[in-house]
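Structure record follows, encoded as structure tokens.
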Amino acid sequence: METVLQTFTFILTIGIAYALGTIIEQDHYVNIQKREKDFLSLPAVSSKSIEQDNLLDGQLVYGSVVISHDYFKRFLASLRNLTGGRITAYESLLDRARREAILRMKEQARLLGADMVVNMRFATSSVGDEAWTLGCFELLAYGTAVRLKIKPT
Amino acid sequence: MPITNVGAWLDSRVDITNIDSVPGKKIVAHYGLVQGSTVRARHVGSDIAAGLKNMVGGELKGYTKLLDDARKEALTRMVQQAQLLGANAVINVRFATSAIAQGAAELMAYGTAVRVE
């Protein structure tokens, strides 16, 4: 009887985590896509060598986000660990976190009236050493926001 | 009008970039590497909130703020070191983060201190 109850609780927890986690993720993606469209006019490039003569001024900008995955995904990943291979559940998590970080960086750049962000770099780190079990990561995007003398049309 | 630094946490007289130059200005002297770092531990309160948030996934706002504050601190220390050397800009800035102990992280910012005209 006790085993049945435990199994039921486990399935219920996983079910709730799955439902809420999926809703949150979908909402986040809709939000990200909307803001990315908004920021199309402010491109971020990872190139360092840009035309120096065309630059008016520049300033460091960065954006970061700490994100964690839900219980269901962690369970899936632990199963996947047995066989190896792609963990699709984590891919989407890191993808949306990174895009969120870029957007935050661009928001800072827009506040400065920048035309683009050059030499953009990513850094990923786990918070604390138990982070892999707790499952949260920090994603950081940084670059130099520049204003151009001749603006692209 | 030049771009001013983001936020009031940095001295606006110091330019920070992560490219090899300060756009629109000429570098006249190099002062070598400067760095700033800080070690932060997580707060028990935000840890509990994060534990709950961990169930459904998503952003852990408490941690985001914690690391953001720490990074500003690291940048500020780097800038102070640069100013001590007589520099007025820091170029090629990089960030590094490492987990050094249970629940604590070191955040570091480093770059090259230079003087611009």
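Chain letters run A, B, ... following the sequence lines, proteins first, then strands; residues in each count from 1.
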- Query: At a heavy-atom separation under 4.5 Å, does A:Ile23 approach chain B through its side chain, its backbone, both, or neither?
  - Reply: neither

Any chance the side chains of [X] and [Y] put a donor and an acceptor closer than 3.5 Å?
| X | Y | answer |
| --- | --- | --- |
| A:Thr88 | A:Arg80 | no |
| B:Asn92 | B:Asp20 | yes |
| A:Thr144 | A:Gln59 | no |

- Looking at residues at least two apart in the chain, or sitting in another chain, which of them share a side-chain contact (heavy atoms from CB on, under 4.5 Å) with B:Ala29?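 side-chain contact (heavy atoms from CB on, under 4.5 Å) list for B:Ala29, sorted by chain: B:Tyr31, B:Arg115.
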
- Looking at B:Val22, B:Val90, B:Thr97, which makes the most heavy-atom pairs under 4.5 Å with chain A? B:Thr97

- Note on the structure: So, the part of B:Ser21 with a heavy atom under 4.5 Å from chain A: the answer is side chain

